[in-house]
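All ligand and atom numbering here is 1-based and tracks the order in the structure.
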Amino acid sequence: MTRLSKLSRSITGKIALVTGAASGMGRATAHLFADEEAQVAVLDRNAEGVARVVEEITQAGGTATGWTLDLANAAEIEPTLARIVEHFGGLDILVNNAGIDASARIQSSKYEEVWERCFSVNLTAHQRLIRAALPYLTNSGTGRIVNIASTEAVGGSAFASPYTAAKHGVMGLTRALAVELATQGVTVNCICPGAIHTGLTAAIPDKAKDIFARRRVPLKRYGDPEEVAHATLSLVLPAASYINGATLVVDGGFTIQNNGGALSR
Ligand code: NAI
């Protein structure tokens, strides 16, 4: 009998593309994957950030190459993916992580503009990259897609409707494709981070972060990007072969806290 306990917990030699890898969770994921001896394509619209992360990884003894691309630029996604695959000789793992914060009051005159930009980066780019990557992921034998959603994919916040709607869309995309691609050797999962210290939350004053965390997060703190990166790694391992269509919430307990119980104490 095949011993399933022998399934590999290593991504050594795997080829991984991480988007939004110049900062925050994408950067932490690129670093962790390289530490685990994967070959990493570091993609971001921020050219300086890309160069910095590639340099950091290389200095640490890892393998990474950089690709500068604004994912809102639809026409460039497929050619860039093709160049990445040509460079590395394949693709095993796609982490759709790049995202922007996008808030707008529903009555705002800027609403349409915010919505368009938010959807193009936070959702549409995900499906475009998946479609471009699919032929290579199916060839991999252990093809893995992880989409970074948000706790806004399982709840909602005022003034965040473009972001919340796009992140709900990321979860829907994940689930539908997990079913559709299951027989093609590719798993599709998503991560819902809660409040994490990254570029996206850098403008929030420390005091406000602290108050939020103490009131709303059972662990009483923001998370670190590395804590999300480890969750992402757990979904791309060859041993994660039966995890498909899952939502892994990484939020310190934010979404499951029973506030009614807290109020009664
Ligand atoms: P971050 O701002 O530190 O990193 C995001 C990266 O994406 C940046 O390097 C940025 O240049 C890149 N990016 C943005 N738009 C791009 C585009 N059009 N083309 C290419 N690259 C682009 O933010 P963070 O927090 O690391 O964000 C990663 C993901 O996590 C995003 O999808 C975000 O929505 C999600 N998220 C973040 C949370 C947080 O508390 N920080 C909570 C829940 C989800």
Side-chain angles (χ1 to χ4, degrees), residues 17-32 41-54 56 66-77 80-81 84 94-103 114 116-129 132 145-157 160 162-171 173-174 190-204 206 208-209 212-213 216-217 219 221-229 231-232 247-252 254-255:
L17 166 58
V18 182
T19 71
S23 171
M25 290 180 247
R27 173 176 170 269
T29 304
H31 268 279
L32 179 62
V42 171
L43 186 148
D44 204 287
R45 67 178 169 187
N46 173 354
E48 259 178 46
V50 166
R52 192 174 53 245
V53 172
V54 169
E56 288 167 2
W67 308 86
T68 303
L69 173 67
D70 183 339
L71 288 163
N73 185 349
E76 278 305 311
I77 289 184
T80 305
L81 201 286
I84 291 170
L94 169 63
V95 181
N96 273 317
N97 164 80
I100 49 170
D101 196 8
S103 18
V114 172
E116 286 299 327
R117 175 80 189 157
C118 177
F119 267 68
S120 76
V121 180
N122 289 4
L123 180 58
T124 309
H126 288 25
Q127 60 84 354
R128 288 188 177 133
L129 269 166
I145 298 168
V146 177
N147 298 318
I148 306 300
S150 165
T151 46
E152 285 297 313
V154 292
S157 300
Y163 186 84
T164 307
K167 292 298 187 180
H168 273 67
V170 172
M171 191 186 282
L173 181 73
T174 301
C190 79
I191 301 244
C192 290
I196 311 292
H197 287 295
T198 67
L200 203 84
T201 53
I204 302 170
D206 286 347
K209 280 180 177 148
F212 168 83
R216 304 289 306 278
V217 184
L219 282 178
R221 63 174 176 86
Y222 264 50
D224 288 320
E226 290 74 14
E227 295 178 290
V228 180
T232 304
T247 298
L248 181 49
V249 178
V250 186
D251 69 350
F254 168 63
T255 47

**OP:** Start with the C-alpha distance between L43 and L71, add both sets of side-chain angles, then the distance that settles side chain to side chain contact (heavy atoms under 4.5 Å, CB included), and finish with yes or no.
**Re:** CA-CA 9 Å; L43 186 148; L71 288 163; 4.1 Å; yes

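Side-chain contact between K167 and C192 is absent, with no heavy atoms from C-beta onward closer than 4.5 Å.
Judged by distance alone, the side chains of N147 and T174 do bring a donor and an acceptor atom under 3.5 Å apart.
For the pair H31 (side chain) and R27 (backbone), a donor-acceptor distance under 3.5 Å is absent.
Between F254 and F212, the ring planes lie tilted relative to each other; the angle falls in the 30° to 60° range.
The 4.0 Å heavy-atom shell around ligand 1 contains residues G20, A22, S23, G24, M25, D44, R45, L69, D70, L71, A72, N97, A98, G99, I100, R117, V121, I148, A149, S150, Y163, K167, P193, G194, A195, I196, T198, G199, L200, T201, ordered by chain and number.
Rounded to the nearest 0.5 angstrom, L94 CG and T19 OG1 are separated by 7.0 Å.
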